[in-house]
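Reviewing the structure listed below.
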Amino acid sequence: MTDDGIIRRMDWTIESSKIQTIADDAIEVAKKSLDEIAKTPPGKETLATLQEFEEVGGLLGELLGPVLFLKYVSIDKAQRDACDNVEKQARKFSNEIWGRKDLYDVIVKLEPIADTFGDEDKTLLKKALEQFRHRGAGLPDDERKEFLEISNNITVLSADYSRVLNEITTTVPCTEAELEGVPPQVYEHIEKDGDVYPLPLDYPVLVPVLNYAKNPETRKKMQIAQYQRGGKENSERLSDALALRDRLAKLAGFNNFAEYQISIKMAKTPDRIFDFMNDLNKKLIPLKEKELEVLKALKAKNTGTPVDEVKFELWDLFFYHELLMKEKYSVDQNEVKQYFPMERVVNGVLEVYQTVLNLEFIEIKNPNVWSEEVQEFKVIDKISGNTMGVFYLDLYPREGKFKHYAVFNFLDRRFKDGKILLPITSMVANFQKPTESQPSLLTHSEVETFFHEFGHLMHVITNTTNYAALGLDGVLPDFIETPSHMFENWSWQEEVLTLMSGHFEDSDKKLPADLLKRMLDAKLLDIGVLTIRQIFYSLIDMYFHTTPVEDTTAEWYKKFEEITGFEIPPDTTPDANFGHLMGGYQAGYYGYLWSRVYAEDIFTKFKANGCLDEKTGLEYREKILAPGGSRDPDEMVKDFLGRKMNNKAFLKFLGIDN
């Protein structure tokens, strides 16, 4: 316990056999408390009723949050298996809570007296009623029961879909000759099986092979293996989930799931998303076509093939993108990464965020962690001296671990019995592991990713709301990426890169100024092609959730070629491994580009005042991060910028402002 709040301590070593009992007990306590709230006599409903309801959720999150997190990071498979079962149970219980008509009937009676509440309490009530209505509590009994059953079935499908991807151990056998062009550090630590290296599909191996393997067949077989993850079973899970979501939406009175899901977000309607994406796509198509002509010509030159006979394949894209960057701008990411060893990057990113947000990070010397490679930090507010929370960095891949990059806010900040319970959160990443011969080295793109994910951490830590429901999970999903996108800009600032770079063999050697200039010159290289891929992901998500789809794999193939111009290799199931569709971004992937518009506009204020300006940073922390989900995003942005948001900076970011 600190002067200003309580740091809760987790037991990461809990025996797998005890995990189910913990969940059962926590849910039983919550049920009893909710039953008492449901018995509130008519006319006796007060703000305290709402707060009691919120505390049930807060306590349940405290007891189960760390357990659910362990599914994605534990080094013990038995523990992960137990946590997977609990995750399904907890999500089903959440569906049950929000589908309870007796609870809804109590909480809804607070609506007429909401004007007597404080601003945060009003928002809490608004969001609670929104969730009850959105999740079936207001439906007639038969429909409400069907809604709950469907929600529970979707829960199981989603959990199984993600579990399959986390547990994948597929390897692709490649000889040293087949890996020509790939830096040996990428694969030399992998134990050989005869004459071949069994390459895993983890990002630190997959990405360099796609970027640098000179043999197109090597790139092709890695690309195919990546797209085969999840297989037919996950495709069927997605297809089943889409049908169930459509039925769910119709029960709730909507035409389709996208309409249902987006109704409580910033965008409000699918039409706005389609208009936004189609307009952006139209602006980028001429740029994409020019870029592909250049890439195709480079392939023709590289292979000695007449350009009109060249077929530019999907597995060619990143290889020729990197080759063009090298030939046109003299930028080689394998040279760049030598200036970004992990320790320098961690220290640099921490220093930037400490400066900009007026914070201090203290590394815990004897950390309480789930794996020995994880780091733990305490966060202090430089202004008040108060402790704000704790964050973890879990940076390298391992078997059974979550395969992507994300932040898990497993303990939210909340106020209880006159004390602040401080937030605890973790960044989970998959950067290249250090080897005996050299440290983990990050490409500039990975430095950018580090800034992005760390932005999510700070959103959790600097939230100052009193209720767990108004923390990160209370932020509107199509705004939630804004702070992280905004901080990506720091990875392009000379003063920042000078601060955080240092050659792994001689830390005094900074990233050369002329190399940085060339990197900046190349910043928009292939931006059209790469952004249209993001548009595809947004649109396929919307298509899947607005129109019935018989075959999700076939539809993916068709739309991918229509939108990007590339063919998907046959006998693959890309729909079976796009975790966002089953992991919280369903009918929501558009939020990545939507929130980028806000992020780039917010950054204009830092650009004007200085990226490391503490006054601007503190204002940003207080006006954008601290409110969590308690304020309307448009109001927050207007308050910070002193004007309404516009898309000028976004179009400039894409190089299409003229």
Side-chain angles (χ1 to χ4, degrees), residues 70-81 162-231 315 318-319 322 333-334 337-338 340-343 345-346 369-375 393-405 428-443 445-446 449 504-505 569 572 577:
L70 277 173
K71 169 186 171 177
Y72 299 91
V73 296
S74 174
I75 59 175
D76 177 0
K77 188 175 187 302
Q79 209 178 39
R80 295 197 302 272
D81 289 343
S162 71
R163 186 70 201 283
V164 165
L165 296 180
N166 289 344
E167 296 290 345
I168 278 173
T169 56
T170 302
T171 57
V172 179
C174 291
T175 64
E176 195 163 351
E178 288 177 312
L179 293 170
E180 183 188 357
V182 180
Q185 296 88 349
V186 171
Y187 59 83
E188 63 185 1
H189 64 283
I190 298 169
E191 187 177 343
K192 270 184 156 182
D193 182 6
D195 292 333
V196 300
Y197 289 97
L199 302 183
L201 296 175
D202 297 331
Y203 286 142
V205 175
L206 174 72
V207 172
V209 173
L210 292 177
N211 285 1
Y212 302 116
K214 291 183 178 180
N215 186 335
E217 289 304 312
T218 303
R219 302 195 302 270
K220 180 180 179 181
K221 65 183 181 179
M222 285 296 279
Q223 185 85 77
I224 287 173
Q226 183 200 19
Y227 277 177
Q228 286 176 333
R229 290 173 307 141
W315 51 87
F318 293 107
F319 176 78
E322 291 295 329
Q333 285 296 337
N334 289 312
K337 71 192 293 185
Q338 293 179 29
F340 294 109
M342 180 61 81
E343 188 177 355
V345 172
V346 171
V369 294
W370 50 91
S371 174
E372 61 182 15
E373 59 198 9
V374 177
Q375 295 171 274
L393 298 179
D394 186 352
L395 302 177
Y396 304 113
R398 58 180 176 270
E399 188 174 328
K401 180 184 164 184
F402 178 73
K403 302 293 185 193
H404 199 54
Y405 298 83
V428 178
N430 286 276
F431 296 109
Q432 185 178 14
K433 278 187 171 182
T435 65
E436 288 182 10
S437 58
Q438 68 178 37
S440 171
L441 301 175
L442 276 64
T443 63
S445 173
E446 289 173 323
T449 297
F504 78 97
E505 292 177 332
T572 61
N577 48 73

Query - Student check: side-chain heavy atoms of L199 and L179 closer than 4.5 Å - result: yes

Query raised in the report: Is it the case that more than 12 heavy atoms not belonging to E188 sit under 6.0 Å from its CD atom?
Result: yes

Report task. Please examine the side chains of Q185 and P208, heavy atoms only from C-beta on, and report whether any two atoms are closer than 4.5 Å. Result -> no

Query - Main-chain N/O of G400 paired with N166 side-chain donor or acceptor, under 3.5 Å - result: no

**Report entry** K403 and L165: CA distance, side-chain angles, deciding distance, side chain to side chain contact (heavy atoms under 4.5 Å, CB included) verdict
**Finding:** CA-CA 8 Å; K403 302 293 185 193; L165 296 180; 5.6 Å; no

Query raised in the report: Do Y212 and V186 have side chains that get closer than 4.5 Å, going by heavy atoms?
Result: no

Report task. Please check if atom NZ in K192 has more than 12 non-hydrogen atoms from other residues, nucleotides or ligands closer than 6.0 Å. Result -> yes

Report task. Report, as yes or no, whether the 6.0 Å neighbourhood of atom CD on E399 holds more than 12 heavy atoms from other residues, nucleotides or ligands. Result -> no

**Report entry** Expected output: side-chain K401 to main-chain D394 donor-acceptor under 3.5 Å
**Finding:** yes

Query raised in the report: Do S162 and K71 have a side chain donor and acceptor closer than 3.5 Å?
Result: yes

Requested in this report: Measure the acute angle between the ring planes of F402 and Y72, then classify it against the limits of 30° and 60° as parallel, tilted or perpendicular.
Outcome: perpendicular

Query raised in the report: Distance only, no hydrogens: is a donor on one side chain within 3.5 Å (strictly under) of an acceptor on the other, for T443 and S445?
Result: no

